[in-house]
Structure formats: C-alpha cells, structure tokens
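Numbered from 1 within each chain, the chains take letters A, B, ... in sequence-line order.
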2 protein chains.
Amino acid sequence: MNNRIKVLRAERDWSQQSLADRIGVSRQAVNAVERGKHDPSLQLAFDIADQFNLRIEDVFLPVKKSSSEG
Amino acid sequence: MNNRIKVLRAERDWSQQSLADRIGVSRQAVNAVERGKHDPSLQLAFDIADQFNLRIEDVFLPVKKSSSEG
DNA sequence: ACATTATGTAATGCATACCTTACATAATGA
DNA sequence: TCATTATGTAAGGTATGCATTACATAATGT
C-alpha cells in the first residue's frame with residue numbers, strides 16, 4: 001500500500017510528530033505507515049486523510065484487484 | 001465505524017458469500033465487517049468499495065475527529 | 001420430510017497494527 | 001560544545017483483523 005503522506009506533510013511543513021499529535025497516535029505509528037512498514041487501520045487512514053482534508057483514495061494507493069480505471 | 005454494505009449488497013442482490021468470493025475473503029469476514037463487529041483492514045475496505053464501484057467514504061462512515069464538514 | 005441457501009454466532013489460532021521505551025544519525029542554532 | 005528537532009529503527013507487549021471449523025435459525029424449493 002503506497003501513500004503520499006511524506007509529500008503531503010512537506011507541503012504543510014508538518015513533522016511526523018505534529019501529524020501524530022494531531023491524530024492522537026504515536027510518532028512511530030505515523031512513521032511506520034508513511035514508510036509503508038505496514039498499512040494503517042481504516043480508522044487511522046480516515047484520520048490521516050482528514051488532517052490533509054483529502055479522501056483516503058487521495059492519500060493511499062492500493063493495488064486494485066478489478067476494474068480498469070486507475 | 002458504520003457502513004452501507006448490507007444495502008449495497010441488496011441493491012445488487014449479492015449474498016455475503018458471493019461478495020466474500022469476489023473479494024477473496026471468508027464469509028465471516030464480510031459478515032463481521034457488515035455488522036460492525038470490527039473494522040476492516042484498509043486493503044479490505046478498498047476491495048469492498050471497489051466491488052461496489054464506490055469510494056471508501058461512500059461505503060464506510062467513520063466518526064470524524066475534526067473539521068466541520070460532514 | 002429433506003436439501004439448499006442465507007445469515008448470525010462462537011472458539012481457536014495466526015498475523016499484524018499500534019503502543020511504549022530506547023537508541024542512533026543528521027541538521028540547526030545558542 | 002551542547003541542546004533541540006526530525007527521522008529511522010528495534011524489542012516486547014496488547015489489541016484486533018481474518019481464517020478455519022462448527023453449530024444454529026429461517027426461508028425456499030423439491
């Protein structure tokens with residue numbers, strides 16, 4: 001699961017720590033998700049997207065199984 | 001985390017089993033998510049939304065922490 | 001009556017998301 | 001030099017997503 005967190009943070013000049021604080025999770029959780037160490041929970045994905053005022057689909061890029069749009 | 005899976009299935013006349021088969025998870029996994037027993041992983045949320053040709057936000061309804069839109 | 005399908009639920013087990021604590025490097029600035 | 005901030009990483013623990021197996025009820029059709 002790829003994501004655009006690093007760029008989105010940079011655009012806002014937010015550190016991993018400040019993003020973590022805004023969401024209410026640990027810095028390591030943000031770091032792990034941002035670096036693709038593991039996927040976030042759906043709730044955390046919503047929270048992250050919400051902080052950026054974006055949709056989940058605009059932050060996270062899954063491997064689609066079906067359909068031809070992409 | 002509320003969701004509209006039951007209605008979306010009904011609109012398409014899909015059983016929990018057939019949805020599970022399409023996605024490649026167990027029927028119980030679909031049942032548990034649909035009934036709000038627990039949240040799906042982000043990947044499963046993407047897969048479910050994709051089957052309905054909808055965005056995650058149109059299938060799952062989280063409790064927002066911030067922002068005033070909603 | 002019997003089989004099939006759809007659904008809800010439970011137990012057990014494994015993988016993993018997230019936490020806390022801790023250590024490391026690099027950049028910045030007093 | 002010393003302190004602070006940002007980031008990457010690791011170990012150990014808890015919570016939870018999902019699989020598998022299994023049992024139950026209800027609806028449908030033969």
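Under the 3.5 Å distance criterion, the side-chain polar atoms of N31(B) are left unmatched by any main-chain donor or acceptor of Q16(B).
Every pair passing ring pair (Phe, Tyr, Trp, His ring centres under 6.0 Å) that includes a residue from residues 1-38 of chain B is listed here, sequence neighbours excluded: W14(B)-F52(B).
Residues satisfying the side-chain contact (heavy atoms from CB on, under 4.5 Å) test with K37(B), not counting sequence neighbours, are A32(B). Among residues two or more places apart in sequence or in another chain, the side chain to side chain donor-acceptor pair (under 3.5 Å) test is passed with D39(B) by none. When the side chain to side chain donor-acceptor pair (under 3.5 Å) test is applied to Q17(B), the partners found at least two apart in sequence or on another chain are D21(B). Every residue was checked against the side chain to side chain donor-acceptor pair (under 3.5 Å) condition with S26(B), not counting sequence neighbours, and none meets it.
Between the side chains of D47(A) and Q51(A), no donor N or O sits under 3.5 Å from an acceptor N or O.
When the C1' atom of dC19(C) is taken as reference, atom CD1 of I23(A) falls 15 Å away, rounded to whole Å. At whole-Å resolution of the value, CG in D21(A) and C1' in dT5(D) are 13 Å apart.
N31(A) has no side-chain polar atom (N or O) that falls below the 4.0 Å cut-off from OP1 or OP2 of dT7(D).
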For nucleotides 15-18 of chain D, tabulate all protein N/O to nucleotide N/O atom pairs closer than 3.5 Å, reporting atom names and distance.
from    : atom 1 : to     : atom 2 : distance (Å)
dG17(D) : OP2    : H38(B) : ND1    : 3.3
dG17(D) : O5'    : D39(B) : O      : 2.8
dG17(D) : O3'    : S41(B) : N      : 3.4
dC18(D) : OP1    : S41(B) : N      : 3.0
dC18(D) : OP1    : S41(B) : OG     : 2.7

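For DNA chain D, the neighbouring residues in residues 1-19 of chain A, judged by any heavy atom under 4.0 Å, are K6(A), R9(A), S15(A), Q16(A).
Rounding to the nearest 0.5 Å gives a distance of 10.5 Å between CD of Q43(B) and CD1 of I48(B).
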task = Would you sort out whether I5(B) and L19(B) count as a side chain to side chain contact (heavy atoms under 4.5 Å, CB included), showing the intermediate values?
result = CA-CA 10 Å; I5(B) 296 175; L19(B) 176 57; 4.0 Å; yes
task = Assign a letter to each nucleotide of nucleotides 21-30 of chain C from its 5' end: B, base within under 4.0 Å of a protein heavy atom; S, sugar-phosphate only; -, no contact.
result = BB--------
Could you give the side-chain donor-acceptor pairs of residues 55-63 of chain B under 3.5 Å, partners two or more places apart or in another chain?
from   : atom 1 : to     : atom 2 : distance (Å)
E57(B) : OE2    : I56(A) : N      : 2.6

